[in-house]
2 protein chains.
Amino acid sequence: MADDNGSDAGVVRAPKGVRSASPQRKRRRLDPEDREREIVDGAVAFFAEVGFDGGLRDLAKRLGITHQNLFRYFPTKEALIDRVYEEVYLGRWQVEWEVLLADRTIALEQRLTQFYRAYLQAIFRYDWVRIFVFAGLKGVGITQRYLELVQARVVEPLARELRVTTGLPDTAEVPLLPEETEMAWGLHGELFYLAVRRWVYEMKVPDDLDTVVRVAVVRFLAGAPSAMRLLHEGTLRAPAPRSGRRARPARRNPR
Amino acid sequence: MADDNGSDAGVVRAPKGVRSASPQRKRRRLDPEDREREIVDGAVAFFAEVGFDGGLRDLAKRLGITHQNLFRYFPTKEALIDRVYEEVYLGRWQVEWEVLLADRTIALEQRLTQFYRAYLQAIFRYDWVRIFVFAGLKGVGITQRYLELVQARVVEPLARELRVTTGLPDTAEVPLLPEETEMAWGLHGELFYLAVRRWVYEMKVPDDLDTVVRVAVVRFLAGAPSAMRLLHEGTLRAPAPRSGRRARPARRNPR
DNA sequence: ATCACTAATGACCGGACGGTAACTAAAATG
DNA sequence: CATTTTAGTTACCGTCCGGTCATTAGTGAT
């Protein structure tokens, strides 16, 4: 059954000598490094589009190679996918971001604005957002670890800054409430959700992300003191009733 | 969620001949309505967990039937998936929510708090969130249409309310800026992102969602006026070309 | 020109997929 | 009871999947 029929010779021999028959007809032999680069880039784009259930044959077709050739470079599909994770997540986190956020010589508003502008510049992309969501749904550990990084390096530091700017006790005295951390997640979440609306749900979003970031940061910081007081009005006895607007709600914090 | 394992549906029957195999469930014959109900419920849970690429044989195994039997109720897999969409999205949108949001006899803060508490009660669920995200990645139109509904019935009305509460011109005079709509998306986005963190990335989130909603709404409304003024400072008076942020009542000065 | 090296490929495998057809048996009807 | 109806099953089809192996052909060194 294997190669029984000599009548095969299915490949048309006639135009064989002439090598310029069609644009990509011929076998292209690359340095392994170059080929691997092409495969990884192609895989990132491919899996971002169709998800990790996409077939290797389809990926190979896009790359202009056969799917078997992929196995020369990655022993299994899983290995290729792991490489895609590396490619997308490793090295895109800038430690300078953490430095910037911690630099109290700059106003918090400026720090947050600059950070989120830089952060969005790094992640507000088709590949990054979709692979991040695909991986999350699949339950890949790397996404959880990434979010724990965000929480430890961005969200919780921000929540601690709010303690300072609102004149509440330091977190050394009173640990962060889950609701305070959640509040800081709010800023992060609304900006990430913007990326999801754009790259997952294909909605129209404003072109000028810098303005969106600025507005979000301003609103966040302008609103945070009220929310912090609300959260802490039970834990400490500094009522500090605000005269403006509506009178202070008679009801305390539920539970 | 109907029943787990009702292997014996009222019929007590002596094992017939050779067919001992006690664990083997006998053929269970249900009314088509009941069976269809089981299939749909099972399909919602199944596809929410593994995504729409999950195999029908696996789904059938969970249901205790053979995969061929699914075709008796749904002509194709696609038809079953469409039914899942219906099941999850249709009828879960409450028109009372829109009425509540538009009721100006209630303070905006109360309206938003009540609405988002009710909204989260409806959508903050494993099935809903994950299927919504899976469907978005797949590019299913129903999710886009759903988000357009949210924008038209929740987000833009909220943005218009902000015009009123901040004393800015009505939207009849000055149409909503994209950045204003985006601002209103911010509140929605941070709460939806909370659901994504919980049900997609399996992170710990506060147990008391009511408090989270209340804090988010208070912060949103307290911060919105500053952000609105920022957005409209060019609209209302002379452009003031450069300089990011200066001639404004910067009430809150960090440090 | 040719040789060695090795990218790249063609052929193939077992299994899982969505889907079809024929058959089996549990309930409804008389 | 016998008969009819039809929910549910066994058996199977063509296709595609990840992965293996022997073979082919592009390229630098000689």
Side-chain angles (χ1 to χ4, degrees), chain A residues 1-13 15-21 24-39 42-43 46-47 50-82, chain B residues 6-19 21 24-39 42-43 46-47 50-61 63-82:
Chain A
M1 316 280 182
D3 47 347
D4 48 358
N5 54 352
S7 69
D8 175 81
V11 177
V12 180
R13 281 281 176 190
K16 182 56 173 44
V18 185
R19 57 182 50 186
S20 65
Q24 199 159 349
R25 186 79 177 157
K26 238 183 61 167
R27 184 184 282 201
R28 230 171 34 111
R29 186 186 173 111
L30 296 189
D31 275 351
E33 295 176 27
D34 298 339
R35 180 63 82 193
E36 184 170 326
R37 185 74 259 148
E38 279 193 5
I39 290 176
F46 177 74
F47 289 127
V50 306
F52 298 112
D53 288 325
L56 293 186
R57 284 170 174 82
D58 286 342
L59 167 59
K61 195 173 294 178
R62 286 198 195 194
L63 293 166
I65 61 177
T66 60
H67 91 279
Q68 301 92 326
N69 199 9
L70 296 172
F71 290 98
R72 287 190 75 79
Y73 297 88
F74 299 94
T76 66
K77 183 183 185 181
E78 212 32 57
L80 174 56
I81 290 176
D82 287 343
Chain B
S7 59
D8 287 337
V11 176
V12 179
R13 213 171 96 75
K16 176 180 181 180
V18 194
R19 184 64 65 91
Q24 297 296 343
R25 57 187 55 158
K26 312 181 190 78
R27 186 181 283 202
R28 218 165 50 106
R29 186 186 171 108
L30 295 189
D31 275 351
E33 297 175 26
D34 299 338
R35 181 62 81 194
E36 183 170 325
R37 185 75 259 147
E38 279 194 5
I39 291 176
F46 177 74
F47 289 128
V50 305
F52 298 112
D53 288 324
L56 293 186
R57 283 169 175 83
D58 286 341
L59 167 59
K61 195 173 295 178
L63 293 166
I65 60 176
T66 59
H67 91 279
Q68 298 87 336
N69 198 10
L70 296 171
F71 290 99
R72 182 170 276 282
Y73 297 87
F74 299 94
T76 65
K77 182 182 185 183
E78 213 31 57
L80 174 56
I81 289 176
D82 287 344

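Chain letters run A, B, ... following the sequence lines, proteins first, then strands; residues in each count from 1.
- Here the shortest heavy-atom pairing between Tyr73(B) and Ile39(B) reads CD1-CD1, 3.6 Å.
- Atom C1' of nucleotide dA8(C) and atom CG of Asp34(A) are separated by 15 Å, given to the nearest angstrom.
- Contacts of Glu36(A) classified as side-chain hydrogen bond (donor to acceptor under 3.5 Å, both in side chains), with partners at least two apart in sequence or in another chain: Arg83(A).
- Counting non-hydrogen atoms under 4.0 angstrom, Arg57(A) reaches a base of the nucleic acid.
- A pairwise comparison of heavy atoms in Leu63(A) and Arg35(A) identifies O-NH1, 4.4 Å as the closest pair.
- For the pair Arg37(B) CZ and dA7(D) P, the interatomic distance rounds to 18 Å; values are reported in whole Å.
- What separates CD1 of Ile39(B) from C1' of dG8(D) is a distance of 11 Å, to the nearest Å.
- Whole-Å rounding puts the Leu56(A) CG to dA8(C) P distance at 16 Å.
- Within the 4.5 Å cutoff, the side chain of His67(B) has no heavy atoms near those of the Leu59(B) side chain.
- Atoms CG (Asp58(A)) and P (dC17(C)) sit 18 Å apart, rounded to a whole Å.
- The main-chain N or O of Gly55(B) is never found under 3.5 Å from a side-chain atom of Lys77(B) such that the two would form a donor-acceptor pair.
- Atom NZ in Lys77(A) sits about 15 Å away from atom P in dC16(D), given to the nearest Å.
- The interatomic distance linking Arg29(A) (CZ) with dA7(C) (C1') rounds to 4 Å, in whole Å.
- Here the closest non-hydrogen pair linking Thr76(A) and Phe71(A) is CA-CE2, 4.4 Å.
- Contacts of residues 65-74 of chain A with DNA chain C (heavy atom under 4.0 Å): Ile65(A), Thr66(A), Gln68(A), Asn69(A), Arg72(A), Tyr73(A).
- Listed by chain and number, the residues in a ring pair (Phe, Tyr, Trp, His ring centres under 6.0 Å) with Phe74(A) amount to none (sequence neighbours excluded).
- For dA7(D), the OP1/OP2 oxygens have no side-chain nitrogen or oxygen of Arg28(B) closer than 4.0 Å.
- By the side-chain hydrogen bond (donor to acceptor under 3.5 Å, both in side chains) test, Thr66(A) is found to be paired with Gln68(A), residues two or more places apart in sequence or in another chain being considered.
- Note that the two end axes of the helix from dA1(C)-dT30(D) to dG30(C)-dC1(D) enclose an angle of 10°, each drawn from 5 base pairs, rounded to 10 degrees.
- dT6(D) atom P lies 12 Å from atom CG of Asp31(B), rounded to whole Å.
- At least one side-chain nitrogen or oxygen of Arg35(B) sits closer than 4.0 Å to the OP1 or OP2 atom of dG8(D).
- Residue pairs meeting the salt bridge (Lys or Arg N to Asp or Glu O under 4.0 Å) criterion with at least one partner in residues 62-76 of chain A, sequence neighbours excluded, are Glu49(A)-Arg62(A).
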